[in-house]
Amino acid sequence: MAEEAFAATGLSPSHAFLLMSVIRQPGISSGQAAELMQLTPSTVTRLAGKCIEKGLMERKTEGKFTLLFPTEAGKERETLLVKAWQSMSLQFQNRIGEAQAVSLTGSIASAVDALEA
């Protein structure tokens with residue numbers, strides 16, 4: 001579902017989520033993005049590299065931190081990214097029902113919190 005929903009953005013769901021995170025938090029560090037996405041820092045570095053190649057974000061080093069910023073081209077994709085996210089969420093709810101989708105999302109969030117504690 002995610003691949004289908006994000007196809008119109010020209011990005012994979014992982015690249016799209018990273019770009020949305022960078023748009024919403026300009027200057028987010030690679031480490032913070034990795035934590036947010038629950039990925040390894042090396043995976044986020046690889047994802048960011050592809051977004052940088054596409055001209056959607058840029059990387060700046062400040063001391064020992066690598067910070068990610070959206071470019072204007074990246075910011076221009078925000079509406080398309082949000083629509084793709086909403087489309088995916090709606091498809092998910094339509095397939096399993098809104099109540100079950102909300103319950104499942106809450107259960108997953110609780111499980112993640114418990115694993116991180």
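Every value quoted in this text rests on a predicted model; they were computed, and no experiment measured them.
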Drop me the distance from Thr9's OG1 to Arg77's CZ, to the nearest 0.5 angstrom.
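It is 6.5 Å, given to the nearest 0.5 Å.
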Enter the distance from Arg46:CZ to His15:NE2 here, rounded to the nearest 0.5 Å.
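Atom-to-atom, Arg46:CZ and His15:NE2 are 6.0 Å apart.
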Can you see which heavy atom on [X] is nearest to which on [Y], and at what distance?
X: Phe69; Y: Leu67; value: CE1-CB, 3.7 Å
X: Met37; Y: Ser14; value: CE-O, 3.4 Å
X: Ala48; Y: Leu18; value: N-CD2, 3.5 Å
X: Val44; Y: Ala33; value: CG1-CB, 4.0 Å

One pair to check against side chain to side chain donor-acceptor pair (under 3.5 Å): Gln93 and Gln100. What are the steps and the verdict?
CA-CA 8 Å; Gln93 288 179 17; Gln100 190 170 358; over 6 Å; no
Give the C-alpha distance, both sets of side-chain angles, the deciding distance and a yes or no for side chain to side chain donor-acceptor pair (under 3.5 Å) between Ser42 and Thr45.
CA-CA 5 Å; Ser42 62; Thr45 298; over 6 Å; no
Are [X] and [Y] linked, directly or through other ILVMFWY residues, by side chains that come within less than 4.5 angstrom of each other?
X: Leu80; Y: Phe6; result: no
X: Met1; Y: Val82; result: no
X: Phe65; Y: Val22; result: no

Taking side chain to side chain contact (heavy atoms under 4.5 Å, CB included) as the criterion, tell me which of Ser29, Ser30, Ser21, Cys51 meets it with Leu68.
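Testing each of Ser29, Ser30, Ser21, Cys51 against Leu68, the sole residue satisfying side chain to side chain contact (heavy atoms under 4.5 Å, CB included) is Ser30.
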Please determine whether a side-chain nitrogen of the Lys or Arg among Glu58 and Lys60 lies less than 4.0 Å from a carboxylate oxygen of the Asp or Glu.
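Salt bridge flag = yes for Lys60 with Glu58.
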Do NZ/NE/NH1/NH2 and the carboxylate oxygens of Glu72 and Lys75 come within less than 4.0 Å?
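A salt bridge is present here (some side-chain N lies under 4.0 Å from a carboxylate O).
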For [Y], is there any backbone N or O sitting under 3.5 Å from a side-chain donor or acceptor partner on [X]?
X: Thr43; Y: Leu39; value: no
X: Ser103; Y: Ala99; value: no
X: Thr71; Y: Gly55; value: yes
X: Arg59; Y: Ile52; value: no
X: Lys54; Y: Gly10; value: yes

What verdict does the side chain to side chain contact (heavy atoms under 4.5 Å, CB included) test give for Leu11 and Leu81, after you've listed the backbone C-alpha separation in whole Å, the side-chain angles of each residue and the deciding distance to 0.1 Å?
CA-CA 9 Å; Leu11 298 170; Leu81 295 170; 4.1 Å; yes
State whether the number of non-hydrogen atoms from other residues, nucleotides or ligands found under 6.0 Å of Glu35 atom CD is greater than 12.
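Open: at most 12 neighbouring heavy atoms sit under 6.0 Å from CD of Glu35.
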Does one side chain, of Gln25 or Gln32, offer a donor that lies under 3.5 Å from an acceptor on the other?
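There is no such pair (donor and acceptor under 3.5 Å, judged by atom type) between the side chains of Gln25 and Gln32.
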